[in-house]
Peer 1: 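Take this structure, written in structure tokens, and hold onto it; I'll ask about it next.
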Amino acid sequence: MSPVTLREITSHNLHAILELSVAEDQVRAYPRSNAYSIAEAHHPPDNDPVWLRAIYAGETPVGFMMTSEAPEKGEYFLWRLMIDQRFQGRGYGRRAVQLLIERIRRTGNPKSLITSYLRVDANSGRFYERVGFKFSRLLNGTDEIEMTFTF
């Protein structure tokens, strides 16, 4: 497997990141495009800083990651994680999450990394369990399941 890195999204790689997408049968579970997510990151619903990264395998962009962060509280939220349909099942998503966890550990105040997924995608729940997340709760009034990685 090519080494996985998390890289800043710049004018040099933006187009390649915008071209990445999940498979057609995954759109129901992953309804937001990378373009939507990048736009949303610039106008988040709260004041927490947003951290965006392209996921690379070697020199090939294979995915996208976005977090909302409150480092002073030690709280991080994995808002988006997507691996392009052509690169799924190769361990890139798992390695990207591990790199994110390593980055958060270095902050000196890590408490939790939270994520959620839609109930229609049970594969996401199993994926997050394999990288150390535990079930937190079903979000009231939604089809979203929250999971937490505790540091």
Side-chain angles (χ1 to χ4, degrees), residues 1-118 120-121 123-128 130-133 139 142-149 151:
M1 178 169 84
S2 297
V4 174
T5 55
L6 304 178
R7 299 185 190 180
E8 188 174 349
I9 298 172
T10 67
S11 60
H12 294 84
N13 65 2
L14 176 62
H15 184 73
I17 301 310
L18 295 177
E19 292 295 316
L20 300 174
S21 65
V22 296
E24 196 65 36
D25 63 340
Q26 295 174 310
V27 171
R28 201 167 125 212
Y30 302 96
R32 305 287 189 236
S33 68
N34 291 346
Y36 181 95
S37 295
I38 291 168
E40 190 172 34
H42 288 88
H43 303 283
D46 56 31
N47 291 325
D48 292 340
V50 176
W51 188 74
L52 305 171
R53 286 299 181 262
I55 301 168
Y56 274 74
E59 293 304 312
T60 304
V62 299
F64 171 78
M65 174 183 283
M66 182 167 101
T67 63
S68 175
E69 306 186 347
E72 67 287 347
K73 297 178 189 173
E75 297 173 356
Y76 299 81
F77 183 76
L78 178 53
W79 200 355
R80 303 275 197 279
L81 174 65
M82 74 81 61
I83 301 296
D84 183 86
Q85 59 189 323
R86 298 166 294 161
F87 302 105
Q88 292 177 9
R90 299 183 191 182
Y92 300 139
R94 179 181 305 150
R95 184 65 186 131
V97 172
Q98 290 168 341
L99 289 170
L100 173 64
I101 290 168
E102 290 170 15
R103 175 187 162 266
I104 293 169
R105 275 199 173 107
R106 290 191 300 269
T107 66
N109 185 35
K111 291 190 173 97
S112 63
L113 172 60
I114 299 167
T115 194
S116 65
Y117 65 93
L118 294 176
V120 297
D121 184 22
N123 288 333
S124 286
R126 287 190 294 275
F127 167 82
Y128 288 118
R130 286 194 302 270
V131 291
F133 285 76
L139 297 176
T142 73
D143 284 336
E144 281 187 83
I145 295 172
E146 182 184 274
M147 296 189 78
T148 303
F149 181 96
F151 289 89

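Counting from 1, the numbers follow the sequence of the chain as shown.
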Peer 1: Side-chain contact test, heavy atoms from C-beta onward, threshold under 4.5 Å: evaluate it for Phe151 versus Leu113 and give yes or no.
Peer 2: yes
Peer 1: Taking all non-hydrogen atoms of both residues into account, name the closest pair between Leu52 and His42 and its distance.
Peer 2: CD1-CE1, 4.4 Å
Peer 1: How far apart are the C-alpha atoms of Ser2 and Thr60, what are their side-chain angles, what is the distance that settles it, and do they pass the side chain to side chain contact (heavy atoms under 4.5 Å, CB included) test?
Peer 2: CA-CA 9 Å; Ser2 297; Thr60 304; over 6 Å; no
Peer 1: Within this structure, what is the CD1-CE distance for the pair Ile17 and Met65, rounded to the nearest 0.5 Å?
Peer 2: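 Separation between the atoms: 12.0 Å.
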Peer 1: Side chains of Asn123 and Tyr117: is there a donor and an acceptor less than 3.5 Å apart?
Peer 2: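 There is no such pair (donor and acceptor under 3.5 Å, judged by atom type) between the side chains of Asn123 and Tyr117.
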Peer 1: Tell me, do Ser11 and Leu14 make a side-chain contact under 4.5 Å, heavy atoms counted?
Peer 2: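 Ser11 does not reach Leu14 side chain to side chain.
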Peer 1: Over all heavy atoms of both residues, which pair between Ala96 and Val4 is shortest? Give the atoms and the distance, please.
Peer 2: N-CG1, 4.2 Å
Peer 1: Between Tyr30 and Ser124, what is the shortest heavy-atom contact and its length?
Peer 2: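 That would be OH-OG, 2.8 Å.
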Peer 1: If you measure only the distance, is there a donor-acceptor pair under 3.5 Å linking the side chains of Gln85 and Glu24?
Peer 2: no
Peer 1: At their closest point, which heavy atom of Leu6 faces which heavy atom of Leu100, and how far apart are they?
Peer 2: CD1-N, 4.1 Å
Peer 1: To the nearest 0.5 angstrom, please state how far the CZ atom of Arg80 sits from the CD1 atom of Ile38.
Peer 2: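 Rounded to the nearest 0.5 Å, the CZ-CD1 separation comes out at 11.0 Å.
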Peer 1: Would you say the side-chain atoms of Arg90 pair up with the backbone N or O of Arg86, donor to acceptor, closer than 3.5 Å?
Peer 2: yes
Peer 1: Does Ala54 offer a backbone N or O that forms a donor-acceptor pair with the side chain of Asn13 under 3.5 Å?
Peer 2: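 No, Asn13 side chain to Ala54 backbone: no donor-acceptor pair under 3.5 Å.
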Peer 1: Rounded to the nearest 0.5 Å, what separates atom CD in Gln88 from atom CD in Gln26?
Peer 2: 4.0 Å
Peer 1: Could you walk me through whether Leu20 and Ile83 pass the side chain to side chain contact (heavy atoms under 4.5 Å, CB included) test, one step at a time?
Peer 2: CA-CA 8 Å; Leu20 300 174; Ile83 301 296; over 6 Å; no
Peer 1: Can the positive tip of Arg32 be found less than 6.0 Å from the middle of the six-membered ring of Tyr36, inside 45° of the ring normal?
Peer 2: yes
Peer 1: CE of Met82 to OG of Ser33: how many Å apart, nearest 0.5 Å?
Peer 2: 9.0 Å
Peer 1: To the nearest 0.5 angstrom, please state how far the CG atom of Leu78 sits from the CH2 atom of Trp51.
Peer 2: 10.0 Å
Peer 1: Given 3.5 Å as the limit, does a donor-acceptor pair link the side chain of Asp84 with the main chain of Ser21, or not?
Peer 2: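 Yes; judged by distance alone, with no hydrogens or angles, the pair exists.
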Peer 1: Where do Phe87 and Pro61 come nearest, in terms of heavy atoms and distance?
Peer 2: CE1-O, 4.0 Å
Peer 1: Distance from Lys111 atom NZ to Phe149 atom CZ, nearest 0.5 Å?
Peer 2: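 Taking NZ in Lys111 and CZ in Phe149, the distance rounds to 15.5 Å.
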Peer 1: Do Thr148 and Ile114 pass the side chain to side chain contact (heavy atoms under 4.5 Å, CB included) test, and can you show the C-alpha distance, the side-chain angles, and the key distance before you say yes or no?
Peer 2: CA-CA 4 Å; Thr148 303; Ile114 299 167; 3.8 Å; yes
Peer 1: For residues Thr115 and Tyr128, determine if any side-chain heavy atom of one lies less than 4.5 Å from a side-chain heavy atom of the other.
Peer 2: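 A side-chain contact under 4.5 Å exists here.
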Peer 1: May I have the step-by-step check of side chain to side chain contact (heavy atoms under 4.5 Å, CB included) for Tyr56 and Val62, ending in yes or no?
Peer 2: CA-CA 5 Å; Tyr56 274 74; Val62 299; 5.9 Å; no
Peer 1: Look at the side chain of Asn109 and the backbone N and O of Glu72, then say whether any donor-acceptor pair between them is shorter than 3.5 Å.
Peer 2: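 Present.
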Peer 1: Work out which heavy atom in Arg7 is nearest to a heavy atom in Gly58; give both atom names and the distance.
Peer 2: NH2-O, 3.0 Å
Peer 1: Could you tell me whether Asp46 atom CG has more than 12 heavy atoms of other residues or ligands within 6.0 Å of it?
Peer 2: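 Count over threshold, so yes.
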Peer 1: Go through the steps for Ser116 and Glu146 under the test side-chain hydrogen bond (donor to acceptor under 3.5 Å, both in side chains), then give the verdict.
Peer 2: CA-CA 4 Å; Ser116 65; Glu146 182 184 274; over 6 Å; no
Peer 1: Is it the case that the side chains of Glu75 and Ser112 hold a donor-acceptor pair, with the cut-off being a distance below 3.5 Å and no angle test?
Peer 2: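 No.
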Peer 1: Quiz question: by atom type and distance under 3.5 Å, do the side chains of Glu69 and Thr67 form a donor-acceptor pair?
Peer 2: yes
